[in-house]
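Take a look at the structure below.
Below, read A as the first sequence line, B as the second, and so on, with proteins coming before strands; counting in each chain starts at 1.
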2 protein chains.
Amino acid sequence: MRSKKRALTIQDVAKTAGVSVSTVSRVLNGKDDVASDTQARIMKVIGKMGYTSSLAARSMRSHRKNLIGLVVPDIGFPYSIEIMKGVNRAIAESKFDLLLYTTGDVQKNGTALHEQHYVSLLNNSITDGVLIVASAAAEFITNAPIVAVDPHVINPNYPSVQGMNYQGALAVMEYLMGLGHRRIGFISGRPEIGSALRRLKGYRDALTSAGVAVDEELIKPGDFTQKTACKQASHLLQMDNPPTAIFAANDQSAIGVIEAAEGLGVRIPDDLSVVGFDNISEARYLGLTTVDQFLEEMGYVAMQMLIKLINGETLDLDVHKMQTKLVVRSSCQALTPAY
Amino acid sequence: MRSKKRALTIQDVAKTAGVSVSTVSRVLNGKDDVASDTQARIMKVIGKMGYTSSLAARSMRSHRKNLIGLVVPDIGFPYSIEIMKGVNRAIAESKFDLLLYTTGDVQKNGTALHEQHYVSLLNNSITDGVLIVASAAAEFITNAPIVAVDPHVINPNYPSVQGMNYQGALAVMEYLMGLGHRRIGFISGRPEIGSALRRLKGYRDALTSAGVAVDEELIKPGDFTQKTACKQASHLLQMDNPPTAIFAANDQSAIGVIEAAEGLGVRIPDDLSVVGFDNISEARYLGLTTVDQFLEEMGYVAMQMLIKLINGETLDLDVHKMQTKLVVRSSCQALTPAY
DNA sequence: ATCAATACCGGAAACGTTACCGATATTATT
DNA sequence: AATAATATCGGTAACGTTTCCGGTATTGAT
């Protein structure tokens, strides 16, 4: 379809413009020590030939790239999308461009490959700094500015933005128990993720501190996906003594719960109260009560921190705790003691 | 926070392992002509030092990068998100990784800067090929495999995936007129975008071929955003002779129309029928009748085409027309002739 | 025991760019 | 008119890899 000619180099431009490579490089980088007429001539040649410099070569030699890397396990996750919106907003306000790096399906390839990919992008490469979302393994990175959103490890040795997952879960449980619920099911998130564990811990602690024994039968392992949650919720709802409320570790799981309830003819909120976590945009339309952890804001703040870091400024605080807020909608109801 | 030491190079590894640079490179690339014990030793050193090769240097020297670039004007747009989901799916099935490139706010910087950014990424650089979404300006690219989704130009000189915007708009209008509507408002998209123009043309042609004169007053300029659409819809609804239906050029605009209607106490669908375009995920929850153009599938197909191109295969067809389908939900109603 | 084949490894060039240093031509200074 | 300062440019060395070529050891064959 198109002629597959060799890529143009700065040499080609120099040759046709009748100048040296250095001079072309100078006009390319806007240096002032080049005669205005030669500059104009070179610019014209560049335009005519359609030349652009190689990012690879450029960023190997010089060190400012105006490019920030964003590492996300999976675009497509509403969670990732919300964060990316904030990231995008910060980027738009800055002079940086964004280079997103994803390894596609996070389930498939284990963390090992994943990490290696990170590092190979970041370490000596193409970007001025990196924002990592919901992942472990930035321990290797020693030389590039880096900020993490929702790091899996609890105390990373790099700056991070973290949601207050424990407090958020506590708030949910207080709300649910305030409505009279005692048998509350829990669909957990992936256990290797710190935030998932903290939500689970909030669930447990809230129960015990309210004097309610934790029934392990009511805690079902999930993986943050709608599908798994749907399956697990079905199990919960078909127990002999089913829960009157289900707290799902994230909104997608909550949607799975709703799906399961619909499939079994269980009415929400009449027969079952459901709460999620994240407040993704779908939650509003579904009337899902959930906890907002301001994901968009997290992305925004994290990117601002990173930009500061890149500019050599120091951060006022290394870990930014993001507030959570219970968003009450219509998926919960007070329990009427029918027995 | 962290020691800002210089980045490790292959030289450092070679030195501490007591071998030459070439040898390290060989084990790095899995060549077989290196003794198994030295290989093990080097691997251990690499692991211990936490070394990873520089993407910049590597991709400058060798030519296979296993990296595909995706250029999107704005993540955050539901439109972009849907396409990215499909892209992500194709990527997950392949051995490639994704490098997303965005210039943030597309409104701010004109196309000029935009294009330059493209090209500088693509041309001689970091990726094996590039997927461009909803944009003009890939004319410069001559040497890298490239595929466009929804290109702005009508007949690009590179492969592309295009929605059948004209037919989709026709279907909407037939549906609306089939319900008895004759005064149908239109909120257009950004005029520099080809697909927006084709939807407008579909609107016009459907009216005239049905013998209905086009009332230019009913056509309001939009820009694919909810906000603008809301404002324009308000104007439409406050006319002396307001439309009984509004066809918005995309779903976000349709949401803006709904917002305007709510603000003015206009009931949907009783007083006003609304149709969108795109079938983004929010549309389902809103009960918005719209046309599905299978954005996710477009991203998927486009990426598959690109991968074929990169692998040196030839495409069976250079422009893939994606079917559209009218999705009827609850935002429209037959017009009862009350006058 | 000599020679050929092979396994393993190091040296050096190349990729496309930028940064530094210096050379020449032009202008200003006295 | 001679010298100093400046403007403009070219040459060359990096940057960190990979690849090619060739050189030792080691092994096998006779």
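- The residue among B:Met60 and A:Ser25 whose nearest nucleotide of DNA chain C is located toward the 5' end is B:Met60.
- For the residue pair A:Asp150 / A:Tyr79, a side-chain donor-acceptor distance below 3.5 Å is found, with atom types taken as modelled.
- Judged by distance alone, the side chains of B:Thr23 and B:Ser20 do bring a donor and an acceptor atom under 3.5 Å apart.
- Nearest to the side-chain atoms of B:Ala35 among the listed nucleotides C:dT17, C:dC8, D:dC9 stands C:dC8.
- Between the CD1 atom of A:Ile10 and the P atom of C:dC15 there is a distance of 15 Å, given to the nearest Å.
- Between the CZ atom of B:Arg26 and the C1' atom of D:dT17 there is a distance of 13 Å, rounded to whole Å.
- OP1 and OP2 of D:dG11 both lie 4.0 Å or more from every side-chain N or O belonging to A:Ser22.
- Spacing between atom NZ of B:Lys15 and atom P of C:dG11 amounts to 12 Å, rounded to whole angstrom units.
- Put simply, CD on A:Gln11 is 8 Å from P on C:dT17, counting in whole angstrom units.
- At least one side-chain nitrogen or oxygen of A:Tyr51 sits closer than 4.0 Å to the OP1 or OP2 atom of C:dT17.
- The side-chain heavy atoms of A:Arg89 and A:Glu93, taken from C-beta on, include a pair separated by under 4.5 Å.
- Comparing atom distances between the B:Arg58 side chain and each of D:dG10, D:dT18, C:dG16 picks out D:dT18 as nearest.
- Phosphate contact (OP1/OP2 of D:dG10, side-chain N/O of A:Ser20, threshold under 4.0 Å): present.
- Side-chain contact of A:Tyr300 with A:Gln304: a donor-acceptor pair under 3.5 Å is present, judged by distance alone.
- Here the P atom of nucleotide C:dG16 and the CG atom of A:Leu28 are 15 Å apart, to the nearest Å.
- Here the C1' atom of nucleotide C:dG16 and the CZ atom of B:Arg61 are 11 Å apart, to the nearest Å.
- With a 4.5 Å cut-off on side-chain heavy atoms, B:Ser59 and A:Met60 do not count as touching.
- Put simply, CD1 on A:Ile46 is 16 Å from P on C:dG16, counting in whole angstrom units.
- The shortest distance between the side-chain N/O atoms of B:Lys31 and the OP1/OP2 oxygens of C:dC9 is not below 4.0 Å.
- Between B:Asn29 atom CG and D:dT19 atom C1' the separation is 10 Å, expressed in whole Å.
- B:Val21 comes within contact range of at least one nucleobase, with a heavy-atom separation under 4.0 Å.
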